[in-house]
Amino acid sequence: MAKWLLKSEPDVFGYDHLVAAKREGWDGVRNYQARNFMREMKRGDRAIFYHSNAKPPGVAGIAKIVKGAEPDPTQFDPDSDYFDPKSDPDDPRWDWVTVAPDRPLTFLSLDELKAMPELAECRLLARGNRLSVLPLTDDEFDAIVAAADAKGGRS
DNA sequence: GCCAACGTTGGC
DNA sequence: GCCAACGTTGGC
């Protein structure tokens with residue numbers, strides 16, 4: 001089971017939105033590297049749900065992949081912000097995966113993540129990183145969950 | 001294939 | 001609102 005990190009802006013779609021929606025297509029990814037990571041995702045994988053462009057940014061919960069990659073329908077919708085006129089319906093350019101909430105985490109801010117030695121190599125914290133979908137090692141994933149649970153007084 | 005211009009991301 | 005980083009586009 002692979003581990004991932006998904007970024008979302010909480011003003012647009014935060015972890016609470018995912019909880020309310022129960023499941024959601026992860027639409028709007030328009031970056032090839034991020035798309036390729038989504039294509040590697042399998043049902044049952046877990047992902048850290050990260051709030052970007054937030055005050056403060058940080059980790060809000062755990063999501064699970066409930067359906068692997070398939071074409072993102074918003075690429076064909078002219079009314080969508082994510083419409084891509086260059087995407088050929090016979091050979092769709094962009095995919096999404098379907099995610100569901102697993103469980104919320106005690107909030108860990110970006111500053112707290114930066115202070116964790118286990119995340120020294122994590123792509124999330126790499127300088128200039130803008131990828132919205134990225135892989136985590138098992139150790140990185142476990143360290144984030146453990147740190148959030150410790151902060152929340154959960155053992 | 002190079003690279004300058006431009007747009008977007010995301011922290012601050 | 002600013003700006004650094006970086007991906008994409010398009011002229012050549």
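Letters go in sequence order (proteins before strands), and every chain restarts at 1.
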Enquirer: Please state how far atom CD in A:E9 lies from atom P in B:dG10, giving the value in whole angstrom units.
Expert: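 These atoms are roughly 7 Å apart.
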
Enquirer: Please report the distance, rounded to the nearest Å, between CG in A:D111 and P in B:dG10.
Expert: 17 Å

Enquirer: Starting the side chain at C-beta, find the nucleotide from B:dC12, C:dC6, B:dG10 nearest to A:K114.
Expert: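 For A:K114, the side-chain atoms sit closest to B:dC12.
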
Enquirer: Rounded to whole angstrom units, what separation is found between the CZ atom of A:R127 and the P atom of B:dT9?
Expert: 20 Å

Enquirer: Under 30°, 30 to 60°, or over 60°: which ring-plane class applies to A:F37 and A:W4, parallel, tilted or perpendicular?
Expert: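 Judged by the thresholds at 30° and 60°, the geometry between A:F37 and A:W4 is tilted.
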
Enquirer: Categorize A:K86 for me: base, sugar-phosphate, or nothing, with a 4.0 angstrom heavy-atom threshold over every strand shown.
Expert: sugar-phosphate

Enquirer: Under 4.0 Å from OP1 or OP2 of B:dT9: is there any side-chain N or O of A:Y50 that close?
Expert: no

Enquirer: Are there more than 12 heavy atoms of other residues, nucleotides or ligands under 6.0 Å from atom CZ of A:R93?
Expert: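 Yes - once you tally the heavy atoms of other residues, nucleotides and ligands closer than 6.0 Å, there are more than 12.
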
Enquirer: Specify the separation, in whole Å, of atom CZ of A:R93 and atom P of C:dT8.
Expert: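 Between P of C:dT8 and CZ of A:R93: 10 Å.
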
Enquirer: A:N129 CG to B:dT9 C1': how many Å, rounded?
Expert: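 So the two atoms are 10 Å apart, to the nearest Å.
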
Enquirer: Rounded to the nearest Å, what distance is computed from the CD atom of residue A:Q33 to the P atom of nucleotide C:dT8?
Expert: 9 Å

Enquirer: Output the rounded distance in Å from CG (A:L125) to P (B:dC12).
Expert: 11 Å

Enquirer: Between A:W26 and A:F49, how do the two ring planes meet: parallel, tilted or perpendicular, split at 30° and 60°?
Expert: perpendicular

Enquirer: Starting at NZ of A:K55 and ending at P of C:dG1, how long is that distance when rounded to a whole Å?
Expert: 11 Å

Enquirer: Establish, with yes or no, whether the OP1 or OP2 oxygen of B:dT8 is under 4.0 angstrom from a side-chain nitrogen or oxygen of A:K7.
Expert: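 No.
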
Enquirer: Just checking, any donor-acceptor pair under 3.5 angstrom between side chains of A:R30 and A:T74?
Expert: yes

